[in-house]
Amino acid sequence: MSAISERDLLESVPSTLFIGGEWRPASDGGTLTVLDPATGEPLKTIASATAEDAAAAMEAAATSFEEWAATPARERSDILRRAFDALEERAEEFALLMTLEMGKPLAESRGEVAYGNAFVRWFSEEAVRIQGRYGPSPEGNGRMIVSQHPVGPAYLITPWNFPLAMATRKIAPALAAGCTVIIKPAQQTPLTTLAWVRLLEEAGVPAGVVNVITTEASGEVSEAIMADDRLRKLSFTGSTPVGQMLMSQAAKGVLRTSMELGGNAPFVVFDDADLDKAVEGALAAKFRNIGQACTAANRFIVHSSIADEFAARVTERVTGMKIGRGTEPEVTIGPLIDDRAVAKASELVQDALGRGAELRTGGEAIEGAGTFFQPTVVANVQPGSEILREEIFGPVLAITRFDDEDEAVRLANDTEYGLVSYVYTEDLARGQRMIERLATGMMGLNMGVISNAAAPFGGWKQSGIGREGGAEGIHEYLQTKYTLTENPFA
Ligand code: NAD
């Protein structure tokens, strides 16, 4: 394991844009500074792209598309495989870099390196399995050919909460399919993307195939790219309001879109659940990533007969959690990403308490440097509380009660989101009924963490469109052509 210092690591990360195979500053010399959320101190200053830089990145992606699309799939696959191997070797550095800019505990960052890199391996394997079909028309008068083609240059926008995995699960399938890309990471956590794209360059990705624009001017930069009619695809992960706005921009060019948006996951615990399992699952589903995951359990919907015991058991565990900078040993709760996130967690807790919920532990922002919020449990949350409607995106576990299965289903589905649900029951038939009744794109059945590169990740309703990972993931970057040709025997 390399024991690189924080300073040397930050020094090694590129500080410029990557356009057409060149690392270069912003056209107006503009910069943005990335902060450590655990201290509020600056980590590194990097280029902040302008609309002009965005247009240059678009140009590079468009002009390199034809050649990349024609590159044999095996070559594209091999490049991804080399990138996978290189990241394995440097896993520790990437884990530290993510902890520095995003704040999560180092152990969780190591987990994200493994998870994020799994997409690179998975799509290096999928690249060589892009297939079509051939067969007679039903009338027998012709032959039908169905073939798959890369959709074209793609614009990828990622959020700050999983700095590596959100980038790899877009870039890897795009490259595997033969698409060129422009990626815009979130301005809070762009360093991991810059470091990883440098690694892709070293693995042999040709100039112009991957372009990175880091910027403080997301709106302007995105508009410049979206206005170019050579762009064929938008893949966005982030909040639902920004996703909706981008979808309306994408309508102009009739772009293919993949949208991974917000969530409001129900975590339903039936009275026949194994409570030990449910408590473990609850802690993982709630506190991973300091609660800042689209898959985070947002509403704990617990049968009345066990709600008090469940609350007592999770509270006991939560009060033992260690808060601190993610680099410190045994820390399980790092900082939230910024002041706004702390204010939001605080407001949601206050609203719930004001409507009759009971505070079991936590509930307060932590004074001093960094943006920390105490891990919190609120029980008996009453209907109408904001915390049941809004994505909390913080370490707050909110418990509400139900009395029968129909009520549990009604409460669980009472949201415009539909990303993931969690269900704890030992009754097999009930578990199967939940698969059919809960309106979410994913479900953990007696499991608190479900993400896997081999699975189609994505939501129903306002949680999104399209899937990332699995056999489905590469099809987001492919388009179908049907060709009719003559019957060769006629
Ligand atoms: P966000 O929507 O604020 O930002 C996401 C990205 O969009 C960032 O790169 C940001 O710079 C960019 N952006 C913001 N305004 C823009 C504009 N006008 N034009 C173009 N780009 C713009 O979200 P966030 O706070 O970074 O991330 C948290 C959100 O992401 C949560 O809602 C979470 O649920 C969601 N998320 C979803 C998934 C999923 O797979 N469904 C995964 C992770 C996060």
Side-chain angles (χ1 to χ4, degrees), residues 32 34 37 48-49 51 54 101-102 104 112 115-116 119 155-170 182-190 192-193 212-227 231 234-250 255 257-265 288-298 336-341 344 389-394 415-420 440-442 450-453 455-470 473 476:
L32 69 90
V34 182
S48 179
E101 65 175 343
M102 187 270 160
K104 73 181 86 183
E112 187 179 338
Y115 172 57
F119 288 100
Y155 180 35
L156 317 176
I157 304 178
T158 53
W160 51 264
N161 60 343
F162 291 98
L164 179 72
M166 298 301 103
T168 58
R169 80 181 190 184
K170 294 189 192 303
I182 304 151
I183 181 156
K184 193 203 81 59
Q187 74 182 69
Q188 297 94 329
T189 63
T192 304
T193 300
V212 188
I213 48 171
T214 51
T215 188
E216 240 166 9
S218 298
E220 268 167 57
V221 154
S222 294
E223 278 164 31
I225 295 170
M226 301 279 281
L231 184 72
L234 169 70
S235 178
F236 171 77
T237 298
S239 60
T240 297
V242 175
Q244 287 165 327
M245 195 267 299
L246 288 167
M247 280 177 81
S248 63
Q249 284 180 18
L255 298 184
T257 56
S258 303
M259 293 279 149
E260 299 284 354
L261 307 177
N264 180 4
R288 192 171 69 104
N289 229 41
I290 320 142
Q292 302 169 115
C294 53
T295 50
N298 217 55
L336 294 182
I337 192 70
D338 55 25
D339 289 329
R340 258 187 14 197
K344 181 174 179 192
R389 303 216 64 81
E390 286 219 17
E391 239 185 332
I392 304 170
F393 247 59
T415 169
E416 70 270 27
Y417 294 112
L419 189 62
V420 58
T440 58
M442 302 180 284
I450 58 157
S451 300
N452 191 304
F457 187 107
W460 289 7
K461 295 161 54 183
Q462 291 187 27
S463 286
I465 299 171
R467 293 293 178 270
E468 292 190 318
E476 300 287 319

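Excluded from the calculations below are hydrogen atoms, water molecules and symmetry mates; all remaining heavy atoms, backbone and side chain alike, are included. For reference, positions follow the sequence shown, starting with 1. One-based numbering, in listed order, for ligands and for the atoms of each.
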Legend entry - Per-ligand residue contacts, ligand 1, heavy-atom threshold under 4.0 Å: Ile157, Thr158, Pro159, Trp160, Asn161, Met166, Arg169, Lys184, Pro185, Ala186, Ser218, Gly219, Ser222, Phe236, Thr237, Gly238, Ser239, Val242, Met245, Leu246, Glu260, Leu261, Gly262, Gly263, Cys294, Glu391, Phe393, Leu419, Phe457
Inset, instruction - Ignoring hydrogens and angles, state whether a donor on the side chain of Gln462 or Thr240 is under 3.5 Å from an acceptor on the partner side chain. - result: no
Legend entry - Salt-bridge present (Glu468, Lys170; N to O < 4.0 Å): yes
Legend entry - Flag side-chain contact, heavy atom, 4.5 Å: Asn161 against Lys104: no
Legend entry - Interatomic spacing from CD1 in Ile213 to OG in Ser222 - rounded to 0.5 Å: 6.5 Å
Inset, instruction - State, with a plain yes or no, whether a side-chain heavy atom of Thr189 is found less than 4.5 Å away from one of Ile337. - result: yes
Inset, instruction - Measure from the side-chain N and O atoms of Asn298 to the backbone N and O of Glu390, and report whether any donor-acceptor pair falls under 3.5 Å. - result: yes
